[in-house]
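Here the structure comes first, spelled out in structure tokens, and everything after it is commentary.
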Amino acid sequence: KAGVTQTPRYLIKTRGQQVTLSCSPISGHRSVSWYQQTPGQGLQFLFEYFSETQRNKGNFPGRFSGRQFSNSRSEMNVSTLELGDSALYLCASSLVAGGGETQYFGPGTRLLVL
Amino acid sequence: AQTVTQSQPEMSVQEAETVTLSCTYDTSESDYYLFWYKQPPSRQMILVIRQEAYKQQNATENRFSVNFQKAAKSFSLKISDSQLGDAAMYFCAYRKGGATNKLIFGTGTLLAVQP
């Protein structure tokens with residue numbers, strides 16, 4: 001079974017631009033979560049989706065948004081990029097949300113904002 | 001708010017030896033889960049072991065085991081017979097019970113394995 005895939009793997013943008021990152025969960029998984037990893041702030045939760053509904057959102061500005069499609073694929077969008085948005089963005093999927101479910105992480109998308 | 005603290009930024013162990021990584025957490029919830037994740041240089045997060053708070057027995061996975069002290073809110077990871085491939089960043093993480101997958105991570109411990 002294929003793992004979680006994230007595209008693109010690397011991205012370079014300039015300040016003020018917007019970016020869309022994609023996450024394809026493991027087949028059959030309906031829950032997708034996103035995390036931002038930076039050297040300064042560590043791993044921080046962005047949001048989670050289950051069956052196309054946002055279940056939870058982290059403490060990030062409104063420039064960060066996401067959505068989930070009927071096939072469980074998820075995208076996150078960052079508008080008006082700032083230098084501080086440079087980070088590794090990780091996506092994780094599981095069958096359902098919560099309980100004893102194990103989350104499986106993708107390889108991440110490394111975003112560099114210049 | 002829940003917090004996770006890893007007080008050891010870096011640790012080193014000799015190959016074949018045993019090492020223990022520390023983690024403490026703070027929560028007022030009674031239903032929660034604790035995890036150790038490994039992040040090698042490839043950046044792929046890999047689940048090492050997990051512990052359900054309601055279980056008194058410490059979880060074990062091959063060479064990896066935990067010491068879960070619920071009253072002390074402590075959750076340490078012991079790696080036995082350390083191997084070169086164990087070298088990585090290790091993150092302790094907390095997830096409250098219920099229908100959520102939100103993980104709260106500690107700051108990580110970078111483990112070096114010396115041959």
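It should be emphasised that the depicted structure is a prediction, and the values quoted were computed from it without experimental measurement. Throughout, a chain's letter reflects where its sequence line sits, starting with A, and its residues are numbered from 1.
Of the atoms belonging to Gln37(A), it is side-chain heavy atoms, and not backbone ones, that fall under 4.5 Å from chain B. Residue contact with chain A, scored on non-hydrogen atoms closer than 4.5 Å, involves the side chain of Arg50(B) exclusively. Heavy atoms closer than 4.5 Å to chain B are found in both the backbone and the side chain of Leu43(A).
Cluster annotation: Phe75(B) is connected to Tyr90(B) through the hydrophobic network of ILVMFWY side chains, with a link wherever side-chain heavy atoms come within less than 4.5 Å. Cluster membership check: Tyr10(A) does not share its hydrophobic cluster with Val78(A), using side-chain heavy-atom separations under 4.5 Å among Ile, Leu, Val, Met, Phe, Trp and Tyr. There is a path of hydrophobic side-chain contacts, each under 4.5 Å, that joins Phe60(A) to Leu111(A). Two different hydrophobic clusters hold Ile104(B) and Trp34(A) under the rule that ILVMFWY side chains link at heavy-atom gaps under 4.5 Å. Residues Phe64(B) and Leu47(B) fall into different hydrophobic clusters, defined by Ile, Leu, Val, Met, Phe, Trp and Tyr side chains chained together at heavy-atom separations under 4.5 Å.
Asn101(B) and Ser33(A) share no donor-acceptor pair across their side chains, judged by distance under 3.5 Å alone.
Here Arg95(B) is the residue among Glu52(B), Arg95(B), Lys96(B) with the most heavy-atom pairs under 4.5 Å with chain A. The choice from Gly106(A), Gly108(A), Gly58(A), Gly42(A) that makes the most heavy-atom pairs within less than 4.5 Å of chain B is Gly106(A). In terms of heavy-atom pairs under 4.5 Å with chain B, the best-connected choice from Tyr104(A), Phe50(A), Phe47(A), Phe105(A) is Phe105(A).
Across every non-hydrogen atom of Lys102(B) and Glu48(A), the tightest pair is N-OE2, 3.7 Å. Leu103(B) and Phe45(A) get closest at one heavy-atom pair: O-CB, 4.1 Å.
Open room surrounds CZ on Arg15(A); 12 or fewer heavy atoms of other groups in view lie less than 6.0 Å from it. Heavy atoms from other residues, nucleotides or ligands lying under 6.0 Å from NZ of Lys78(B) number 12 at most.
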inquiry  = What verdict does the side-chain hydrogen bond (donor to acceptor under 3.5 Å, both in side chains) test give for Arg55(A) and Thr100(B), after you've listed the backbone C-alpha separation in whole Å, the side-chain angles of each residue and the deciding distance to 0.1 Å?
reply    = CA-CA 7 Å; Arg55(A) 301 289 290 268; Thr100(B) 179; over 6 Å; no
inquiry  = Using side-chain contact (heavy atoms from CB on, under 4.5 Å), reason through Leu90(A) and Gln39(B) one step at a time and then give a plain yes or no.
reply    = CA-CA 12 Å; Leu90(A) 294 167; Gln39(B) 188 178 43; 4.2 Å; yes
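Side chains of Gln41(A) and Thr107(B) form no contact here, defined as non-hydrogen atoms less than 4.5 Å apart.
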